[in-house]
Amino acid sequence: MWKFFHKLASPPHFYDLANKIIPWFIVPAILLITYGTIAGLFFAPMDYQQKDAFRIIYIHVPAAYISMMAYMTMAISAGIGLIWRMKLAHAVAAACAPIGAWFTFLALITGSIWGRPMWGTWWEWGDPRLTSELILLFLYFGYLALRAAIDDTSKADRSSAVLALVGAINIPIIHFSVEWWSSLHQGPTIVREGGPAMPMEMLLPLLAMILGFTFFFGAVLLRRLRTEVLYRERRTGWVKRMIQPAGGEA
Amino acid sequence: MPASLRGEKLCLFRGERCLFQGLDFQVNSGELLLVEGANGSGKTSLLRAIAGLILFEDGTIYWNDTDVEKDRQGFLRSMAWLAHRVGFKGDLSLAENLRFEMSLRSVDGSETQKVLQRLGIERLTELPLRALSAGQQRRSALARLLLVKARLWIMDEPFANLDRAGRELVLELISEHLDEGGLCMLAAHQEIEMNNVMHRLML
Amino acid sequence: MPASLRGEKLCLFRGERCLFQGLDFQVNSGELLLVEGANGSGKTSLLRAIAGLILFEDGTIYWNDTDVEKDRQGFLRSMAWLAHRVGFKGDLSLAENLRFEMSLRSVDGSETQKVLQRLGIERLTELPLRALSAGQQRRSALARLLLVKARLWIMDEPFANLDRAGRELVLELISEHLDEGGLCMLAAHQEIEMNNVMHRLML
Amino acid sequence: MPYSDSASPSLGKAFIALVRRDLLLAWKRPGDVLNPLFFFAMVATLFPLAVGPSVEQLALSGPGVLWVAALLAALLSLNSLFLTDYEDGSLDQLLLSPQPVVLLTLAKTTTHWLISGLPLVLVSPLIAVTFQMPGHAVGILMITLLLGTISLSLLGSIGAALTVGLNRGNALLSLLILPLAMPVLIFGARTVSLAAANDTVAAGIYFLGAYSAMAMVFAPFAAAAALKISNE
Amino acid sequence: MPYSDSASPSLGKAFIALVRRDLLLAWKRPGDVLNPLFFFAMVATLFPLAVGPSVEQLALSGPGVLWVAALLAALLSLNSLFLTDYEDGSLDQLLLSPQPVVLLTLAKTTTHWLISGLPLVLVSPLIAVTFQMPGHAVGILMITLLLGTISLSLLGSIGAALTVGLNRGNALLSLLILPLAMPVLIFGARTVSLAAANDTVAAGIYFLGAYSAMAMVFAPFAAAAALKISNE
Amino acid sequence: MLAVGLAALGILVATALTLSAFQENMMFYVEISDVKAGKVPNNRNFRVGGLVKTGSVHREEGEIELSFVLTDTANELTVVYDGVLPDLFREGQGIIAHGRMGSDGNFMADTVLAKHDENYMPPEVAGSLAKQQAANSAATTEETDPATEETTE
Ligand code: HEM
Ligand SMILES: Nc1ncnc2c1ncn2[C@@H]1O[C@H](COP(=O)(O)OP(=O)(O)OP(=O)(O)O)[C@@H](O)[C@H]1O
Ligand SMILES: Nc1ncnc2c1ncn2[C@@H]1O[C@H](COP(=O)(O)OP(=O)(O)OP(=O)(O)O)[C@@H](O)[C@H]1O
Ligand SMILES: [Mg+2]
Ligand SMILES: [Mg+2]
């Protein structure tokens with residue numbers, strides 16, 4: 001078991017492995033997202049109140065969910081990297097941040113676009129869900145800025161790991177804020193006591209989109225990770241050998 | 001009770017460059033290890049890594065045959081550090097700086113006066129440290145080294161900025177420290193002449 | 001055209017203390033003035049005051065027999081300064097730092113490569129300066145001194161942190177500079193042996 | 001040969017020594033204490049100037065403005081928390097002293113609060129008056145600032161430890177800390193507004209208390225870890 | 001013996017060299033450019049958070065808040081104007097170069113504005129939108145910020161020169177600069193408010209223009225004098 | 001050991017304080033029952049939330065000002081508003097209103113935001129459900145959750 005992890009964490013091995021598994025993420029992602037989009041946009045019935053405006057749910061909810069999952073992935077791998085000094089884990093954390101930031105941005109934008117017709121406002125300063133999601137975006141920014149500010153990769157890894165862990169406290173707050181404080185943003189629809197408050201024709205495409213986004217996230221993460229690993233190992237033998245064609249040494 | 005500092009299979013990177021690999025060394029009570037090497041060979045980096053301020057890529061440091069990672073606190077209790085930068089607050093006087101160092105380490109300061117006299121800075125205790133000249137500041141750093149009463153001295157270029165009398169004084173102090181069973185690890189560009197056991201580590 | 005630097009009736013205070021009073025000195029083309037003195041005797045202060053970074057309490061500095069206060073710009077054009085701190089940006093590479101210095105002074109950089117090779121730092125031009133070791137940084141400072149092509153060199157402890165080869169190189173460079181009619185004012189704790197004319201100023 | 005390694009150094013003594021040293025330093029440079037105060041006062045006067053002199057609006061936005069000013073003043077003074085120690089090499093010496101690093105960060109944070117947070121709390125009533133804040137709200141303002149500045153100093157110590165040696169001034173530090181400081185700001189300002197409107201304030205104060213208790217537990221450790229990394 | 005003292009060094013070349021070097025430094029540390037921007041954005045979000053969620057109130061205080069945020073962002077980035085040069089000894093070298101010191105301060109101020117002022121101007125429309133500022137007022141906001149940040153950089157250079165080496169972080173610097181910066185703030189914010197209310201704005205813009213012209217004439221000299229004294 | 005103890009104590013205090021915070025009234029958000037009981041901030045804006053009572057929306061001829069009754073099923077509050085309503089504003093719908101108490105005991109709103117609950121369903125289902133609900137509203141006072149009922153069908 002331990003040996004397996006050790007091998008997994010060895011950069012050249014991981015680099016190859018990632019290449020092999022990426023298709024296993026891309027294909028389901030494409031399938032699920034295609035199904036989710038078509039079924040969500042055309043076949044799901046419209047909502048009794050919101051009419052067709054509700055269909056933005058098929059982007060908003062998956063994006064919001066990934067924005068949080070990406071942060072958790074980042075914080076957990078940062079923690080692993082810090083404690084067990086595992087470079088690959090740090091690379092994972094580093095690769096997560098920009099993706100997470102983009103999904104957070106997407107969740108904020110779609111939520112805001114949705115809020116205009118629904119609530120009657122783009123943005124509500126007093127709402128804890130909205131505010132804590134905005135804080136999430138700022139946490140990503142802080143993480144990225146800190147990394148950019150430190151030249152030495154190993155130092156950047158460990159410093160930013162501390163920050164990622166500290167910021168993790170925000171995640172449960174985002175999730176539970178709607179239950180703790182009654183405010184504008186709605187409560188949970190999918191995972192709630194008494195089952196999802198949504199008929200199957202609406203729910204299935206949504207679940208497909210969530211899963212599809214997750215696979216998509218995995219694929220992008222692996223891609224970024226490959227570049228990240230390559231960059232970090234740029235001075236090592238295996239990368240040089242790989243970049244130079246065999247016997248190409250002058 | 002004799003003590004020893006040993007490094008095994010040390011490997012250190014700075015940036016992309018490997019400074020050394022598979023480096024071994026050992027110092028015992030009463031011995032001096034002189035770290036030598038041209039500019040940029042990695043002396044400062046080695047000393048900082050031994051003290052734990054930067055991380056070795058690989059290898060282990062043993063203090064009295066225990067891995068220092070296991071008991072860093074204990075190792076730090078036995079170590080005193082003298083580096084390029086003096087590490088005193090420029091706004092405080094020498095007396096205030098030393099008083100702080102001693103309470104930080106729970107060392108009693110009964111010998112302060114004697115030590116300062118020996119170093120020739122007993123008249124400067126009330127000036128803010130920032131006002132002291134380069135050499136006077138290095139002498140102040142030596143005062144801390146003496147007062148802390150650690151068994152292991154790690155010194156990076158202790159002779160820099162000192163006048164001739166100062167350099168001789170440092171040699172004398174090291175020699176006395178070794179005679180009492182202390183250990184010393186020293187990086188310098190000067191030639192050193194002493195009657196104690198001296199090993200050389202060429203980087 | 002021979003040049004000269006002369007100080008007359010110099011008096012300098014630091015804090016409350018008078019470092020020296022009624023001090024006179026003179027250096028001419030081809031001569032070295034070695035400023036000596038124990039730690040804290042005022043060498044650094046003297047050099048900074050001559051360069052104009054701090055003010056003399058009294059006295060006048062003449063460059064080619066004109067009071068430097070009258071034409072500081074002209075004096076600065078003829079002077080190069082090397083001090084404890086390197087004065088380069090740690091984030092920029094050596095090459096970038098030197099390029100800046102040369103355009104600041106409108107000096108052409110055709111000799112850069114030669115100078116860097118002589119100083120043994122030609123391979124470090126692309127690293128950020130912060131990553132260089134203490135000795136490598138001092139060599140970089142020497143590179144500026146050489147490239148600026150000033151007639152008067154003011155150097156505060158140029159040997160500090162340099163290895164043996166580095167120290168000898170500095171002596172060689174100074175000697176060549178003097179042979180070409182340059183002037184040098186140098187504060188150091190080392191003994192210096194050179195074939196050129198050397199005066200001593202004991203503080 | 002009485003080497004000091006036999007004696008186990010006292011934690012309390014070391015803590016007090018560090019607090020004393022930093023207070024002494026502050027005493028020698030009274031600017032460190034006075035500047036945040038002046039800054040606080042200035043920001044609090046800038047707003048009325050920039051927003052315009054309507055009394056009603058002043059009273060309405062007073063708590064928010066005061067709190068933002070306090071937050072900024074606290075942030076501004078954070079930059080130098082570990083910076084001077086880093087630059088003059090005394091951070092090396094502190095990290096190499098036989099004391100747990102978390103003790104050192106805690107001591108430095110305590111001093112920071114004593115020097116910058118506490119005076120802010122004490123001077124806030126004076127500034128509140130210029131915003132026409134009612135008397136009992138001023139009391140609440142002080143309580144919230146007391147709890148809030150504790151959190152801010154603690155959170156700030158993490159940011160300061162992360163950015164020491166990066167030479168970025170305050171901007172990066174603020175960027176890292178503001179997201180975490182936002183809840184403090186929101187609850188602080190809201191609570192004071194509520195108090196000004198004779199409303200219940202207990203929830204806000206409990207929350208601020210909880211936040212600073214949490215920060216007290218975790219921040220020194222995070223700051224210690226960050227400090228060791230940054231000093232490399 | 002081609003000593004360089006025979007050739008008279010070119011002023012323009014030196015100016016450009018210094019600007020280029022500082023831009024290069026900023027390029028190597030993009031944070032120096034980005035951080036004030038983020039800070040600007042953050043302060044602009046803090047106010048709505050702290051003051052409360054009323055839309056009307058936001059629109060009213062928008063210009064003022066934006067201007068205060070811009071002022072603070074500009075102030076924060078000022079601290080490092082001469083500080084890094086002072087600390088690594090390159091200020092000694094600059095002062096000892098055969099160039100008039102005022103040329104150097106002017107070059108450094110120019111770079112400071114290019115790095116911190118200009119991006120602020122360019123990004124301000126984005127933030128204005130969150131405050132629901134009408135379109136034509138956004139244009140005026142940009143013009144006033146353009147003129148205002150020039151004054152702020154110039155005034156700030158004096159403060160930065162005076163405080164370099166005092167190790168006080170930003171607090172003292174802000175304290176010195178704020179009184180001089182207040183007119184800029186007041187006129188800037190008022191002009192934008194007037195624009196938002198469809199009122200005439202010419203007077204404010206003339207004033208800001210005059211102020212920056214004045215600053216351009218005097219500030220570099222004052223900064224140069226201050227710099228020489230601070231570096232002693 | 002000491003450190004662990006102190007940390008545990010800190011966490012305990014934090015938890016206790018958080019719990020107490022949740023016992024207290026939500027900030028800036030006032031229950032209708034509290035409004036009725038007179039526990040409202042007198043000269044400050046605050047928010048109330050509730051359902052728009054069916055049949056209560058009322059607009060005078062030729063005026064933009066309208067009024068409606070906000071209910072939490074037990075208490076009621078009259079809200080007066082003269083701004084733009086969100087698309088989703090309709091009777092039976094949850095809303096949040098910003099504003100302050102008027103001297104006449106009515107709530108003078110300056111913003112009305114629609115609050116959507118967590119239920120999503122097709123219009124047909126909602127229609128039939130509404131009919132069904134109207135039919136047995138006399139029998140049961142408890143609100144049925146239309147969505148769960150729909151999915152269990
Ligand atoms: C800028 C505005 C908005 C932001 C920042 C935002 C943010 C979020 C976040 C972070 C989540 C994930 C929560 C979790 O997984 O624990 C979420 C979920 C959700 N949001 Fe939004 N949201 C916004 C606007 C809206 C609007 C206008 C609606 C429509 C009424 C909406 C409907 C939903 C739904 C249905 C979910 C899924 C709830 C579930 O977990 O079942 N959001 N939102
Ligand atoms: N600001 C000041 N206030 C008071 N005294 C000062 C100040 N600056 C320097 N001094 C004193 O002036 C004296 C000369 O200092 P200086 O740095 O010139 O000595 P130095 O000859 O260069 O010594 P070293 O060989 O150690 O470098 C010292 O004794 C120092 O204590
Ligand atoms: N952060 C870094 N990135 C890249 N290279 C570095 C870094 N830090 C140090 N180095 C390199 O590591 C080498 C060793 O530096 P170190 O300071 O240990 O040398 P040293 O032996 O103490 O030299 P000196 O005698 O000049 O003090 C140098 O060549 C330096 O360029
Ligand atoms: Mg070294
Ligand atoms: Mg000196």
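All chains are named by letter (A, B, ...) in the order of the sequence lines, taking the proteins before the strands, and each is independently numbered beginning at 1. Keep in mind it's a predicted model, so treat the numbers as computed, not measured.
- Minimum interatomic distance between Ile11(F) and Val217(D) (heavy atoms only, all atoms of both residues): N-CG2, 3.9 Å.
- If you take OG1 on Thr15(F) and CE on Met214(D), they are separated by 7.5 Å, rounding to the nearest 0.5 Å.
- Annotation: the span from Thr18(F) atom OG1 to Tyr206(D) atom OH amounts to 12.0 Å, rounded to 0.5 Å.
- Taking every heavy atom of both residues into account, Val13(F) and Ala213(D) meet most closely at CG1-CB, 4.2 Å.
- Residue contact with chain F, scored on non-hydrogen atoms closer than 4.5 Å, involves the side chain of Phe218(D) exclusively.
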